Amino acid sequence: MTEVSDLTVGVFGGTGPQGRGLALRWARAGLKVIIGSRKAERAEETAAELRSEAGVEHITGVDNAEAARQADIVLIAVPWEGHKALLESVRAELAGKIVIDCVNPLGFDKQGPFALPVEEGSAAQQAEALLPESRVTAAFHHVSAVSLADLSLSKVEGDVLVLGDDREATDVVRALAETIPGFRGVYGGRLRNAHQVEAFTANLIAINRRYKAHAGIRITDI
């Protein structure tokens with residue numbers, strides 16, 4: 001598996017539950033983590049909280065552009081409504097870098113969660129269109145933020161589907177997933193197949209609501 005221990009991971013959306021949870025686990029695994037936010041002060045507040053929770057010092061917080069400049073690999077974990085604007089704002093800083101999109105375009109009504117239509121096909125494909133000089137992948141859609149935040153759990157069991165058209169980039173993201181105990185990175189296909197992976201999050205939310213669980217996914221026979 002690809003070596004990733006020396007990478008600096010930038011997290012956009014680190015002030016939200018999914019990005020925060022992944023940042024916490026990566027920092028506990030020894031990776032240097034940078035939280036990005038529109039306001040550097042808010043990013044540093046979150047970083048300070050995570051330093052305390054994780055018991056480590058290698059988490060910092062800066063504004064989005066600076067996080068993009070400093071990071072080797074970047075996770076996009078912002079709400080769908082702010083996805084396009086964020087990526088447009090850091091296009092230059094993300095050139096040449098691996099970008100992991102874990103945004104799920106979902107809507108909610110009285111019947112529960114449902115997938116929203118995306119003109120480009122998926123959030124990941126929108127990222128690919130907006131970041132033509134970046135190496136865009138898709139991953140971490142089906143990971144429980146609640147489980148990630150619960151450090152009493154030594155492992156967070158589940159498979160992380162990694163999609164993308166750049167084999168080396170998907171191998172790096174798979175290795176990054178496996179720095180978190182219990183995770184296994186599994187190649188899930190080309191980026192054009194990201195829609196159904198993003199949309200399946202609606203099914204998982206429905207499952208977790210019905211069974212009062214924090215279910216993820218597991219791929220059998222590999």
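Because the structure is a prediction, the values reported are computed rather than measured.
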Original post:
Does Asp109 reach the main-chain N or O of Gly112 with its side chain, forming a donor-acceptor pair under 3.5 Å?
Top reply: yes
Original post:
Would you say the side-chain atoms of Arg51 pair up with the backbone N or O of Glu57, donor to acceptor, closer than 3.5 Å?
Top reply: no
Original post:
Do Thr179 and Val4 have side chains that get closer than 4.5 Å, going by heavy atoms?
Top reply: yes
Original post:
Have Gln125 and Ser122 got a donor and an acceptor in their side chains that come within less than 3.5 Å?
Top reply: yes
Original post:
Does the Arg91 side chain pair with the main chain of Leu130, one donor and one acceptor, at a distance under 3.5 Å?
Top reply: yes
Subject >> Gln126 and its side chain to side chain donor-acceptor pair (under 3.5 Å) partner, picked from Lys84, Glu119, His83 >> reply: His83
Subject >> Positive for side-chain contact (heavy atoms from CB on, under 4.5 Å) with Phe140, one of Leu148, Leu161, Leu75 >> reply: Leu75
Subject >> Asp159 and His142: side chain donor to acceptor below 3.5 Å >> reply: no
Original post:
Can any side-chain N or O of Glu198 pair as donor or acceptor with the backbone N or O of Ala124 at less than 3.5 Å?
Top reply: yes
**OP:** Begin from the C-alpha positions of Glu53 and Arg20 and carry the test salt bridge (charged side-chain N to carboxylate O under 4.0 Å, His left out) through to its verdict.
**Re:** CA-CA 11 Å; Glu53 291 176 37; Arg20 183 188 180 104; 2.7 Å; yes
**OP:** Please check if any side-chain donor atom of Thr46 sits under 3.5 Å from a side-chain acceptor atom of Glu44, or the reverse.
**Re:** no
Subject >> Asn208 side chain to Leu204 backbone, donor-acceptor under 3.5 Å >> reply: yes
Original post:
Where the side chain of Lys97 meets the backbone of Ala68, is there a donor-acceptor pair that is under 3.5 Å apart?
Top reply: yes
Original post:
Where is the tightest heavy-atom contact between Ser37 and Arg42, given as atom of each residue plus distance?
Top reply: OG-CD, 3.9 Å
